[in-house]
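This one's a predicted model, so the numbers in the text were calculated from it and none came from an experiment. Each chain gets a letter, A, B and so on, in the order its sequence line appears, and its residues count up from 1. Atoms considered below: every heavy atom in the structure, side chains included; atoms not considered: hydrogens, waters and symmetry mates.
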Number of protein chains: 2
Amino acid sequence: MIAIEKLNTIKKCPVSYVLAIQDTLNAFQGKWKMPIIGALMFGKKRFKEIEREIPKITPRMLSQELKDLEMNGIVSRTVLHTTPVTVEYALTDSGEQLHQVLEAMIAWGLQHREQNMVKLLPVLQEEVA
Amino acid sequence: MIAIEKLNTIKKCPVSYVLAIQDTLNAFQGKWKMPIIGALMFGKKRFKEIEREIPKITPRMLSQELKDLEMNGIVSRTVLHTTPVTVEYALTDSGEQLHQVLEAMIAWGLQHREQNMVKLLPVLQEEVA
DNA sequence: AATACTACTATACTTTTATATACTGATATA
DNA sequence: TATATCAGTATATAAAAGTATAGTAGTATT
């Protein structure tokens, strides 16, 4: 873990840090990346298994996003020569390491909600309803 | 900081964690949020100052994204009754705390690039060119 | 012979997001 | 009087992202 006092440091080390952040945002970009990564955090899964686990995703989107994640080295794809052919998707090491980023996101999101409770009340009520 | 062994935990505490992650993704969503937050990490700035600091952003986008960030409690807006009127934007506490998430993103992005160096070489060369 | 399973792809379309360009009103300076 | 500054807004358009619906090939079951 690189030591950073404040984000200020980003400007002292601009190129690699900015690229690193872009890579990370890229990993989560799009409506379905998060649910797909989430599904694979519990172990390898076949195409149809993921499709069933994520309500309302279309095969087109699932296929597209899996390809994207594979190209970015976050997900691996293994063809099993069964009948019919099945394809297994799993997180790579990099993919699994994303849980560290998710932890930070959860921590921020929770404290942010707490700090803004009053303002967010109407929103929360909508979400529950 | 909430202790999480693996992301598995997310399914044990689903609603608040998923909402927390969504809030965080929301904070960075869109092409210009990241640069804006980045600019404000170095202290409060006026509209035109931010506009000048971020090449190619249009006033429409800047206005829209600042409004969005303000509504989400990440940025504060202060009107100064100077002539002509100036408006100061600054990160809220929540906004500043985002640097923790950015740290995690940088750490992941850097180790991801290292792990995938070979595969990413052509991409890197494009970026440099 | 008809149906179902696997993992997708193709085409057309809608929705969302971002851009381009010009403009506002109040004040100050040249 | 003409021009520049501030912080934006208005309108139209282009590009990107996502959806809907149907279809592919190969095998296996009913």
Side-chain angles (χ1 to χ4, degrees), chain A residues 21-40 43-72 74-91 123 126, chain B residues 21-40 43-72 74-91 123 126:
Chain A
I21 291 174
Q22 278 175 0
D23 284 357
T24 311
L25 287 177
N26 221 4
F28 294 115
Q29 214 163 49
K31 188 172 176 182
W32 301 109
K33 293 258 170 65
M34 197 62 211
I36 292 170
I37 291 169
L40 294 177
K44 61 188 177 190
K45 295 224 169 71
R46 288 180 298 99
F47 190 91
K48 276 283 172 189
E49 285 178 322
I50 305 172
E51 196 182 346
R52 276 186 222 107
E53 202 168 294
I54 302 177
K56 298 197 180 174
I57 195 170
T58 61
R60 179 179 215 255
M61 275 297 114
L62 182 53
S63 171
Q64 198 176 101
E65 300 297 66
L66 282 171
K67 240 175 229 167
D68 224 53
L69 291 167
E70 198 198 346
M71 282 208 316
N72 284 317
I74 291 161
V75 154
S76 67
R77 180 178 182 274
T78 314
V79 179
L80 303 178
H81 300 284
T82 53
T83 50
V85 169
T86 51
V87 179
E88 256 177 23
Y89 292 91
L91 292 180
V123 180
E126 263 177 57
Chain B
I21 291 176
Q22 279 176 358
D23 283 356
T24 311
L25 287 177
N26 222 4
F28 294 115
Q29 215 163 50
K31 187 172 176 182
W32 300 108
K33 294 256 169 67
M34 196 62 212
I36 293 170
I37 291 169
L40 294 177
K44 60 189 176 188
K45 295 224 168 70
R46 288 179 300 99
F47 189 90
K48 278 283 173 186
E49 287 178 322
I50 305 172
E51 197 183 346
R52 276 186 225 107
E53 200 166 296
I54 302 176
K56 298 199 180 173
I57 195 168
T58 62
R60 180 178 217 256
M61 274 297 112
L62 181 53
S63 170
Q64 198 177 100
E65 300 294 65
L66 282 170
K67 241 176 226 166
D68 222 55
L69 290 166
E70 198 197 347
M71 284 208 318
N72 284 316
I74 291 161
V75 155
S76 67
R77 180 180 183 273
T78 314
V79 179
L80 303 178
H81 299 283
T82 54
T83 49
V85 169
T86 51
V87 180
E88 257 177 20
Y89 291 92
L91 292 180
V123 180
E126 261 175 61

Engineer: Specify the separation, in whole Å, of atom CD1 of Ile54(B) and atom C1' of dT19(C).
Structural biologist: 16 Å

Engineer: Does a nitrogen or oxygen in the side chain of Arg52(B) sit under 4.0 Å from OP1 or OP2 of dC6(D)?
Structural biologist: yes

Engineer: Just wondering, do Leu66(B) and Phe47(B) contact through their side chains at under 4.5 Å, heavy atoms?
Structural biologist: yes

Engineer: What's the CD1-C1' distance between Ile50(A) and dC8(C), to the nearest Å?
Structural biologist: 13 Å

Engineer: Where do N or O atoms of nucleotides 9-17 of chain C meet protein N or O atoms at under 3.5 Å, pair by pair?
Structural biologist:
{"residue": "dT9(C)", "atom": "OP1", "partner": "Lys67(A)", "partner atom": "NZ", "Å": "3.1"}
{"residue": "dT9(C)", "atom": "OP2", "partner": "Ser63(A)", "partner atom": "OG", "Å": "2.7"}
{"residue": "dT9(C)", "atom": "OP2", "partner": "Lys67(A)", "partner atom": "NZ", "Å": "3.3"}
{"residue": "dT11(C)", "atom": "O4", "partner": "Arg60(A)", "partner atom": "NE", "Å": "3.1"}

Engineer: Between Lys33(A) and Asp68(A), does a side-chain contact (heavy atoms from CB on, under 4.5 Å) hold up when you go through it step by step?
Structural biologist: CA-CA 9 Å; Lys33(A) 293 258 170 65; Asp68(A) 224 53; 3.0 Å; yes

Engineer: What distance do Gln22(A) atom CD and Thr24(A) atom OG1 have between them, rounded to the nearest 0.5 Å?
Structural biologist: 10.0 Å

Engineer: Hey, could you give me the NZ/CE distance between Lys56(B) and Met61(B), rounded to the nearest 0.5 Å?
Structural biologist: 16.0 Å

Engineer: More 5' along DNA chain D: Val87(B) or Glu65(A), using each one's nearest nucleotide?
Structural biologist: Val87(B)

Engineer: Would you give the length of the straight line joining atom CD of Glu70(A) to atom CG of Asn72(A), rounded to the nearest 0.5 angstrom?
Structural biologist: 10.0 Å

Engineer: Distances for protein N/O vs nucleotides 27-30 of chain C N/O pairs under 3.5 angstrom?
Structural biologist:
{"residue": "dA28(C)", "atom": "OP1", "partner": "Thr83(B)", "partner atom": "OG1", "Å": "3.3"}

Engineer: Nearest to the side chain of Arg46(A) - dT6(C), dG8(D), dT19(C)?
Structural biologist: dT6(C)

Engineer: When Glu49(A) is tested against each of Arg46(A), Arg52(A), Lys45(A) for salt bridge (charged side-chain N to carboxylate O under 4.0 Å, His left out), which residue passes?
Structural biologist: Arg46(A)

Engineer: Check Glu51(A) with Lys48(A), please: is the shortest side-chain N to carboxylate O separation under 4.0 Å?
Structural biologist: yes

Engineer: Please give, in whole Å, the distance from dC8(C) C1' to Ile57(A) CD1?
Structural biologist: 13 Å

Engineer: More 5' along DNA chain D: Lys48(B) or Lys56(A), using each one's nearest nucleotide?
Structural biologist: Lys48(B)

Engineer: Side chain to side chain donor-acceptor pair (under 3.5 Å): which pairs involve residues 74-84 of chain B, sequence neighbours left out?
Structural biologist: Arg77(B)-Tyr89(B), Thr82(B)-Thr86(B)

Engineer: Rounding to a whole Å, what distance do you find between Leu66(B):CG and dG8(D):P?
Structural biologist: 8 Å

Engineer: In this structure, how many angstroms lie between the P atom of dA20(C) and the CD atom of Glu51(B), rounded?
Structural biologist: 13 Å

